[in-house]
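What follows is a set of notes on a single structure, which appears directly below.
In what follows, residues are counted from 1 in the order of the sequence shown.
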Amino acid sequence: MRFLRGGSTGPESVSATQTHRSGGTASAVAGAGVVLVFLAGPLLQGDAPPAWGVTAAALALLLIWIVLLRPAIVVGPDDIVLRNSLSVATVPYARIRRIAVQQFTVVEVDPPGGTADDASLALTCNGLGRSRSRMRRDAAGPQRVDRVSLAALVEDRIARRAKDARRLADDPRPVEVERTTWLLVTLPALTGLTVVLALL
């Protein structure tokens, strides 16, 4: 699908890296606001917040960041980064066979060490998605850019860059999926805060 700006199309220019997510920021800000109001109550009365309240607030803020803020798709000049709550995958455009942004994003890529004839490897990202009604409106046909969803625009941009990269075939980098480093950071923090909260 191609989207029209002012009734015309033109060659795409590769812009700087952009991060896209679906509505998590507003929910995260609202959740963080509730937590801060909870902590501010005792302070306004001249008292220190209870230790269990501070621990619970820290745990809530960490969960808000992991679940709502971290998941996203980072669109760069040479690749995309699929950030999920507990993993991150770096996908060069030349490895992308297909992308579909539905309720969540699915990217079909070349399998590690495979050939073009091998079955695709499917990677998912819950950082960017759209509703079924939004998908139906986006699929209605060529539209102006200001009338389509961000998810559709990102899907279109990535698909076109992937098509060009596969045609040129000048990027030998494989797909990289990283889980260990991120788990070593988040799991101890979540476990520690949960244990402390249970003991208070």
Side-chain angles (χ1 to χ4, degrees), residues 1-3 12-29 31 61-116 118-132 134-135 138-139 148-190:
M1 179 184 298
R2 298 299 295 270
F3 302 111
E12 179 196 15
S13 60
V14 178
S15 60
T17 299
Q18 297 178 325
T19 301
H20 303 285
R21 59 173 59 87
S22 294
T25 303
S27 300
V29 170
L61 291 174
L62 180 59
L63 288 172
I64 287 173
W65 184 62
I66 291 174
V67 175
L68 296 177
L69 289 181
R70 176 172 167 78
I73 295 181
V74 182
V75 180
D78 303 310
D79 53 38
I80 63 173
V81 178
L82 306 176
R83 286 202 328 234
N84 287 304
S85 295
L86 298 177
S87 68
V88 58
T90 302
V91 186
Y93 290 115
R95 304 280 80 79
I96 297 175
R97 297 183 179 181
R98 176 178 173 271
I99 179 170
V101 182
Q102 301 173 347
Q103 282 87 354
F104 53 89
T105 299
V106 179
V107 181
E108 295 181 5
V109 303
D110 295 334
T115 67
D118 293 332
S120 301
L121 173 66
L123 301 175
T124 61
C125 179
N126 58 359
L128 185 66
R130 49 185 169 164
S131 66
R132 292 185 182 275
R134 181 71 262 188
M135 283 190 286
D138 289 338
V148 298
S149 66
L150 171 64
L153 293 173
V154 172
E155 178 187 79
D156 182 65
R157 179 182 299 123
I158 293 174
R160 286 188 281 117
R161 290 185 182 180
K163 181 179 179 180
D164 292 341
R166 292 184 74 86
R167 177 176 53 82
L168 296 174
D170 59 354
D171 190 346
R173 293 179 301 153
V175 175
E176 297 181 3
V177 180
E178 177 61 52
R179 292 187 179 90
T180 304
T181 302
W182 182 236
L183 289 175
L184 290 176
V185 175
T186 55
L187 287 185
L190 287 172

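- For A162, the side chain to side chain contact (heavy atoms under 4.5 Å, CB included) test picks out I96, with sequence neighbours left out.
- Looking at residues two or more places apart in sequence or on another chain, you find a side chain to side chain contact (heavy atoms under 4.5 Å, CB included) between L187 and L183.
- For residues 85-112, no residue pair satisfies the ring pair (Phe, Tyr, Trp, His ring centres under 6.0 Å) rule, not counting sequence neighbours.
- Residues passing the side chain to side chain donor-acceptor pair (under 3.5 Å) test with S120, sequence neighbours excluded: R97.
- Every residue was checked against the side chain to side chain donor-acceptor pair (under 3.5 Å) condition with S85, not counting sequence neighbours, and none meets it.
- Contact of the I66 side chain with the L190 side chain is registered, since non-hydrogen atoms from C-beta on lie closer than 4.5 Å.
- The existence of a salt bridge linking R160 and D156 is confirmed by a sub-4.0 Å separation between a basic side-chain nitrogen and an acidic carboxylate oxygen.
- Every residue two or more places apart in sequence or in another chain that forms a side chain to side chain donor-acceptor pair (under 3.5 Å) with D79 is listed here: R173.
- Although no hydrogens or angles enter the test, the distance criterion places a donor-acceptor pair under 3.5 Å between the side chain of R166 and the main chain of A94.
- Considering only residues two or more places apart in sequence or on other chains, E108 meets the salt bridge (charged side-chain N to carboxylate O under 4.0 Å, His left out) condition with R98.
- For the ring pair (Phe, Tyr, Trp, His ring centres under 6.0 Å) condition, the pairs that include at least one residue of residues 63-92, sequence neighbours left out, are W65-W182.
- With rounding to the nearest 0.5 Å, the separation of CD1 in I99 from CZ in R157 is 11.0 Å.
- By the side chain to side chain donor-acceptor pair (under 3.5 Å) test, E178 is found to be paired with T181, residues two or more places apart in sequence or in another chain being considered.
- Among residues two or more places apart in sequence or in another chain, the salt bridge (charged side-chain N to carboxylate O under 4.0 Å, His left out) test is passed with R132 by none.
- Between the side chain of N84 and the backbone N or O of N126 there is at least one donor-acceptor pair closer than 3.5 Å.
- For the residue pair G76 and R161, the shortest heavy atom distance occurs at O-NH1, 3.1 Å.
- Taking the side chain to side chain contact (heavy atoms under 4.5 Å, CB included) definition, one finds that R83 meets it with T19, R21, R70, A72, V74, V81, V88, sequence neighbours left out.
- Looking only at side-chain heavy atoms (C-beta outward), V107 and I158 stay at 4.5 Å or farther from each other.
- Each of M135, R130, R134 was evaluated against V101; a single residue qualifies, R130, per the side chain to side chain contact (heavy atoms under 4.5 Å, CB included) test.
- Listed by chain and number, the residues in a side chain to side chain contact (heavy atoms under 4.5 Å, CB included) with V177 are A89, L123, V175, R179 (sequence neighbours excluded).
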